[in-house]
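See structure below.
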Amino acid sequence: MIALACDHAALDLKKDITGLLDEMGLAYKDFGTYEYASCDYPVFAARAARSVASGECDRGIVICGTGIGMSLVANKVPGIRCVVCSEPYSAQLSRLHNNSNMLALGARVIGSGTARMITKIWLETPFEGGRHQRRVDMITGVESGKYPE
Ligand code: RB5
């Protein structure tokens, strides 16, 4: 299950991404917003991020004007590794090396075609593990205050 969320700046791009998820046969849960009225992105980013952190959703995609606000909020939730990506290479490496579990996109930064390409590669790329697991564990350690000692 993929968590989805956006603010008023990104409703159209969220619809494009749900189209891609449909094509890929992936189920999603949409945490809003559902309308063009101006809203506060932290509300929706937090709902999506908490669903990923709790295990209700496997991964999440959050979209606002730049992707930045959504990613800042998502990364405040323990267990979330949310990456803002504007090109596919970073999206792919964020999976291979960082085991990113949320993707943030900027609807005012990239077009629909690029967003779909980024999202597809991010969804299809596995985590490489190995030496990267140690580093991801360090991120978790920083989050919990256990690292550095
Ligand atoms: C909304 O105007 C805009 O601030 C928001 O979509 C996002 O870009 C915030 O980071």
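Position 1 is the first residue of the sequence; numbering continues from there. Atoms within each ligand, like the ligands themselves, are counted from 1 in listed order.
Applying the salt bridge (Lys or Arg N to Asp or Glu O under 4.0 Å) test to pairs two or more places apart or on separate chains, those with a residue in residues 52-80 are Lys29-Glu56.
Counted by atom type alone, Thr140 and Glu143 present zero donor-acceptor pairs between their side chains at under 3.5 Å. A donor-acceptor contact closer than 3.5 angstrom is absent between the side chains of Asp7 and Thr33.
Shown here are the side chain to side chain donor-acceptor pair (under 3.5 Å) partners of Asn99, two or more places apart in sequence or in another chain: Arg95. Residues that satisfy the side chain to side chain donor-acceptor pair (under 3.5 Å) test with Glu124, not counting sequence neighbours, are Lys120.
Within 4.0 Å of ligand 1, contacts by protein heavy atoms are made from Asp7, His8, Ala9, Tyr41, Cys64, Gly65, Thr66, Gly69, Arg108.
Put simply, the residue from Cys6, Cys82, Ser71 that forms a side-chain contact (heavy atoms from CB on, under 4.5 Å) with Val62 is Cys82.
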